[in-house]
Amino acid sequence: MRYLRPLLEGKHILVQLLALLILIFVGMTVFSTLGQLVAYAIFHTMDMHTASNPAAYIRITQFFSSIGTFLCPALLFSYLQDGRWLNYNAANRRPHHLFVNTVLVLSIALLPLVAILEQWNEGMHLPEWMSGVEQWMARMEESMSKVMELLVQDHSYATLCLNILVMALIPAICEEFLFRGTLQSLLTKQWNKPHLAIWTTAVVFSAIHLQFYGFLPRMLLGAYLGYLFYWSRSLWLPVLAHFLHNALSILVSYTFMGRGIDIDDMRFTDIHGSTTLVFSCAVVAAMGIVFMWRTQKELK
């Protein structure tokens with residue numbers, strides 16, 4: 001495949017974006033079909049609702065879909081740029097230990113902030129003339145909630161580990177390869193405006209999840225991951241942060257549901273001491289982000 005090496009190198013941004021979209025479409029189609037076939041071979045049905053284990057059916061199809069939609073197109077795009085799989089996306093570089101240690105702390109501090117932003121975002125409503133769009137968004141959210149309920153209804157440790165694998169580790173790796181490692185890298189190189197590239201990628205990252213009542217916190221989370229990538233010059237730092245955020249969210253949900261607490265009806269502001277907690281976490285998050293910003297300037 002060496003003859004493919006210069007195929008995208010130096011091409012116009014529209015050509016490169018079109019190539020990336022084609023790779024995503026082909027990868028999504030092929031791997032989604034493959035996932036359905038594997039699930040059919042196991043459960044003898046193409047409908048998750050009639051499968052003997054709907055949660056396992058979803059995990060299998062999600063695994064293949066993530067690999068085909070995000071990871072494979074990103075790796076192929078990197079190869080078509082310079083003939084190497086892990087160079088264009090900065091996956092061949094290790095982040096500095098100071099960044100890693102800070103992200104470990106920030107991952108805990110950001111959870112309450114994301115929760116309060118989600119609560120605020122859920123209270124937002126579109127204008128009356130967009131009521132049809134809002135109803136469609138509500139149906140999408142309800143559909144996604146039902147899928148999540150299927151995945152977390154079993155409170156065993158084995159299910160917890162499977163959910164961390166399929167809902168935290170796999171998405172963190174696959175999505176970061178595509179969004180930060182590929183799309184953000186492409187926009188940064190083409191525009192030479194890293195901040196614009198970071199926020200554009202964050203908007204696309206949030207929109208692609210089709211969970212509009214969580215659009216704002218996911219966009220800000222995407223921007224946070226984008227700056228981690230920009231400052232550390234390593235894809236593995238946003239992968240780590242993405243994984244920790246997802247895994248900790250799963251652990252919190254697992255803990256609450258294990259105690260019989262319905263997290264869907266619970267408001268974060270109803271928790272005793274939530275205001276103090278949010279303020280403290282905001283201070284810690286701000287200090288951590290400033291520290292990383294100053295550290296990356298010194299490391300340069």
Side-chain angles (χ1 to χ4, degrees), residues 1-41 46-48 57-91 133 136-137 139-141 143-144 147 166-167 169-191 197-212 215 218-219 222 225-226 229 235 238-239 242:
M1 290 182 65
R2 297 295 294 179
Y3 68 92
L4 291 176
R5 175 175 178 175
L7 189 62
L8 294 178
E9 188 178 13
K11 294 295 190 295
H12 192 276
I13 184 173
L14 294 180
V15 175
Q16 298 193 54
L17 286 174
L18 178 60
L20 181 59
L21 287 174
I22 292 173
L23 291 173
I24 292 171
F25 176 77
V26 173
M28 178 177 61
T29 303
V30 172
F31 276 79
S32 294
T33 303
L34 183 60
Q36 291 286 345
L37 291 175
V38 172
Y40 179 79
M46 298 293 284
D47 184 2
M48 71 174 186
Y57 190 103
I58 294 171
R59 292 189 188 100
I60 291 171
T61 54
Q62 268 195 351
F63 172 80
F64 281 93
S65 179
S66 294
I67 296 294
T69 305
F70 303 113
L71 183 59
C72 288
L75 290 173
L76 285 169
F77 188 87
S78 178
Y79 186 86
L80 295 176
Q81 284 286 351
D82 61 9
R84 288 173 287 182
W85 302 100
L86 303 177
N87 182 62
Y88 186 84
N89 44 44
V133 176
W136 174 75
M137 289 162 54
R139 289 194 297 269
M140 290 292 297
E141 290 287 335
S143 176
M144 294 294 294
V147 170
V166 177
M167 299 166 62
L169 181 60
I170 298 299
I173 295 174
C174 296
E175 291 178 12
E176 290 310 305
F177 260 90
L178 180 66
F179 290 105
R180 254 57 63 177
T182 302
L183 182 59
Q184 183 175 316
S185 293
L186 172 62
L187 297 180
T188 301
K189 294 177 189 299
Q190 292 288 332
W191 293 344
I198 288 169
W199 285 98
T200 301
T201 304
V203 170
V204 176
F205 169 73
S206 185
I208 208 74
H209 283 80
L210 296 178
Q211 291 177 289
F212 298 98
F215 180 86
R218 189 171 286 106
M219 181 190 70
L225 297 172
F229 180 60
L235 181 65
V239 167
H242 195 152

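As a basis for the values below, the full set of heavy atoms in this structure was taken, side chains included, without hydrogen atoms, waters or symmetry mates. The first residue in the sequence is number 1, and the count goes up from there.
- Contact of the W199 side chain with the L187 side chain is not registered, since no non-hydrogen atoms from C-beta on lie closer than 4.5 Å.
- Between the side chain of S206 and the backbone N or O of A202 there is no donor-acceptor pair closer than 3.5 Å.
- No side-chain heavy atom of T188 sits less than 4.5 Å from a side-chain heavy atom of I198.
- For L17, the CG atom counts as densely surrounded, since its 6.0 Å shell holds more than 12 non-hydrogen atoms of other residues, nucleotides or ligands.
- If you run side-chain contact (heavy atoms from CB on, under 4.5 Å) between L76 and each of L23, I24, L71, only L23 comes through.
- For P171 against H242, the heavy-atom pair with the smallest separation is O-CE1, 4.2 Å.
- Remark: side-chain polar atoms of Y57 are paired, donor with acceptor, to backbone N or O of M46 under 3.5 angstrom.
- Looking at heavy atoms from C-beta onward, F179 lies out of side-chain contact with L225 at the 4.5 angstrom threshold.
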If you apply the rule side chain to side chain contact (heavy atoms under 4.5 Å, CB included), what do you find for T69 with F31, and how did you get there? CA-CA 8 Å; T69 305; F31 276 79; over 6 Å; no
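- Using a 4.5 Å cut-off on side-chain heavy atoms (C-beta onward), F205 and L183 make no contact.
- Within the structure, side-chain hydrogen bond (donor to acceptor under 3.5 Å, both in side chains) pairs that include any residue of residues 14-33 comprise Q16-Q81 (at least two apart or interchain).
- Residue pairs meeting the side-chain hydrogen bond (donor to acceptor under 3.5 Å, both in side chains) criterion with at least one partner in residues 177-186, sequence neighbours excluded, are E176-R180.
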